[in-house]
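Here the structure is a predicted model, which is why all the values come from computation and not from measurement. The figures here come from the full heavy-atom set of this structure, side chains too, leaving out hydrogens, waters and symmetry mates.
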Amino acid sequence: MINVKENEQLNVLNHSCAHLMAQAVKRLYPKAMFWVGPVINEGFYYDIDLGEDVIREEDFPKIEAEMKKISKDGKRISREELTKDQALEMFSDDPYKIDLISQMDGDNVVISAYRQGEFVDLCRGPHVETVKQLKFFKLLKVSGAYWKGDASNKMLQRVYGICFENQADLDTHLFMLEEAKKRDHKKLGRELDLFMMSEYGPGFPFWLPKGMLLRKTLENFWYEVHTKEGYDFVQTPIMLNQQLWEVSGHWFNYRENMYTSEIDDKMFAIKPMNCPGGMLVYKNGLHSYKDLPWRVGELGLVHRHEASGALNGLFRVRNFTQDDAHIFMTEEQIESEVVRLIQFIDRVYSMFNLSYTIELSTRPEEKYIGSIEVWDKSEAALEKACAAAGKKCKINPGDGAFYGPKLDFHIQDSLGRVWQCGTIQLDMNLPERFDLTYVDRDGEKKRPVMLHRVIFGSVERFIGILIEHFAGAFPLWLAPVQVKILPVNAEFHLGYCENLKTRLMEEGIRVEIDDRNEKLGYRLREAQMHKIPVQWVVGDGEIANNEVNVRRYGKNESRTVNADEAFAKLAKEIKNRSL
RNA sequence: GCCGGCUUAGCUCAACUGGCAGAGCAACUGAUUUGUAAUCAGUAGGUUGUAGGUUCGAGUCCUAUAGCCGGCACCA
């Protein structure tokens, strides 16, 4: 999907289009007052105060028509430079502009405004020369948005749109949006019987048999690669008492987002994170420097009371499974361990054909714990590890957690959308709070360094991303049903099919026979619509020669091959986890 | 939580300004025994999300509420 913000020409075009929209809105809603109208990756928006009035999507054609009219009139867009006083004078009846102007530093600051016809707005620019250049645009959505992004402020109306240089680009973009809609994991999840939601448990997904197969395959893969990577595995309780959450600090910081319950007069909370339980596991025994780094993995089910409006399919839920691990180590081991982790994560993402970028988030300006010296050292270690692993990393200054810096992995799906999934976080807080130690070479007890890390992030969300990434057509190794066997005539060919099925099942291959009383074309169509990767058709010809007729998902062709060869090829493809 | 929208059969959607709740697919039954994306016929399926209200009459209008969707805020 196109990124408007990063394309210089489109950036300017969309910025000007935001002004064009504002002008049209002002004509149709004379009471409208405007806050800001920036360019974003997906186009532009404008935050508007309409008083009692409301803009709805059904009003878009009207606004777009007015925009077209203004564009046709072809007024030039001109820049004016003002002093602070002049600007205040010019916008004296607009509290939003006054707020903007008074925020500008110094009394001698030069303020620029852009004018097109009767419409003028404060703006740094640049803009296109004339509104005539703004022809190929579309308003996309409208929503509420807090003034200055602060939930305690009033809500303005935010209208989104996008503008291109020609009709073809606009059409392509709108087509892509339609494509994305077709891939919606909530829609595909229903069509492919993967999961369901119920109003009896908002935000708590139900996994259906087909989805469970997908999920278990993914989890088995996770255990397999982590075992090879030297991880141990644990499972910590879902529920622990208040005292533990006080030690971890969650009771004070996140209590309103935790589900609590009283047991025998004591307060308990359902875990919103796995770490405190992990700390207790570490403290269960003594640790020698010889045992470090200790990598402890847990597919841990956590519950968080997310705001109702935040819920969104599998992307944002109230219970989810983190593919968590805590790694305990000495300070000297940070860099080599993180290099190893980056390489590990790289291998995992490549299994799904997902590319990614890494971002390093550093010490927050104000809220942080620990000494600046340790922070600097940790940040340097993470950055060095990235370089050593041969990866670039973008730096997000001040975006780290209060307890440590982190590396975030942003994956890019097949539509070019970006999702933050993996993260590697150094934690200087919990080892202290839980008084973790190891016995060093010199016999002294020392404080280990700990890092949290996830690769999928949330198993549920990752599956949602995979559904959209693959448009529901999973690679063979992941597909809930891998092979559909279709007897041409169930009466005569079923026995042979059942032998094939038994043989596939013995190898752990997920297979179904469709022997319903329907024509082959009907059953084949259904198998294709369920995006089953492989269909084997069996009739008289195949049985006579120990063959199967193989058809793949999405291919409008089939090949008749020896059954043993088909079997071997399938097994190999699954074993290799081919894409 | 906030702003806006939506909610009709398992799914996708109809039902003019308030006037007899309907179709396709799926399901079920029967016929058909099928060779690469839909065989034919029939049957059943609904307190129109829920609770109130207005009206002779409500899927349609009003109020409340739940859930969902698009954003905002939040995301340890």
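Aromatic ring orientation, A/F470 versus A/F474: perpendicular (interplanar angle above 60°, classes split at 30° and 60°). A tilted orientation is assigned to the rings of A/F164 and A/H173, their planes being inclined by 30° to 60°.
Every residue meeting the side-chain contact (heavy atoms from CB on, under 4.5 Å) condition with A/E379, not counting sequence neighbours, appears here in chain and number order: A/T362, A/R363, A/W375, A/D376, A/P405. By the ring pair (Phe, Tyr, Trp, His ring centres under 6.0 Å) test, A/H493 is found to be paired with no residue, residues two or more places apart in sequence or in another chain being considered. Remark: A/K187 pairs with A/E191 by the side chain to side chain donor-acceptor pair (under 3.5 Å) rule, at least two apart or across chains. For A/V4, the side-chain contact (heavy atoms from CB on, under 4.5 Å) partners at least two apart in sequence or on another chain are A/I2, A/L10, A/N14, A/V39, A/I162. The salt bridge (charged side-chain N to carboxylate O under 4.0 Å, His left out) search around A/D49 returns A/K154, not counting sequence neighbours.
For A/K406 and B/rC75, the NZ to C1' distance is 10 Å, given to the nearest whole Å. One interatomic measurement links the two molecules: CG of A/D49 to P of B/rG4, which rounds to 13 Å at whole-angstrom precision. We find that CG of A/N312 is positioned 8 Å from P of B/rG71, with the value rounded to whole Å. B/rA27 atom C1' lies 12 Å from atom CD of A/E518, rounded to whole Å. The distance from atom CZ of A/R525 to atom P of B/rU39 is 9 Å, rounded to the nearest whole Å.
With P as the reference atom, B/rU33 and B/rU8 are 41 Å apart, rounded to whole Å. Distance noted for atom C1' between B/rA41 and B/rG67: 40 Å (whole Å). Comparing the C1' positions of B/rA44 and B/rG22 gives an interatomic distance of 16 Å, to the nearest angstrom.
Contact of A/E542 with B/rG35 (side chain to base): a donor-acceptor pair of N or O atoms is detected under 3.5 Å. Judged by distance alone with a 3.5 Å cut-off, a donor-acceptor contact links the side chain of A/R304 to the base of B/rA76. If you check distances only, the side chain of A/R551 does reach the base of B/rA37 with a donor-acceptor pair under 3.5 Å. Counting atom types as modelled, A/N549 pairs a side-chain N or O with a base atom of B/rU36 as donor and acceptor under 3.5 Å.
Between B/rG5 and A/R56, a contact under 4.0 Å exists linking OP1 or OP2 to a side-chain N or O.
Counting only heavy atoms from C-beta on, A/R516 has its side chain closest to B/rA27 among B/rU36, B/rA27, B/rC3. The side chain of A/N489 lies closest to B/rU33 when the candidates are B/rU36, B/rU33, B/rA76.
Nucleic acid contact class of A/Y146 (heavy atoms, under 4.0 Å, all strands): base. Within 4.0 Å (heavy atoms only), A/R190 reaches sugar-phosphate atoms of the nucleic acid but no base atom.
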Inset, instruction - Using Watson-Crick or G-U wobble pairs with both distances under 3.5 Å, give me RNA chain B in dot-bracket, 5' to 3', with [ ] for crossers and | for pairs to another strand. - result: (((((((..((((.....[..)))).(((((.......))))).....(((((..]....))))))))))))....
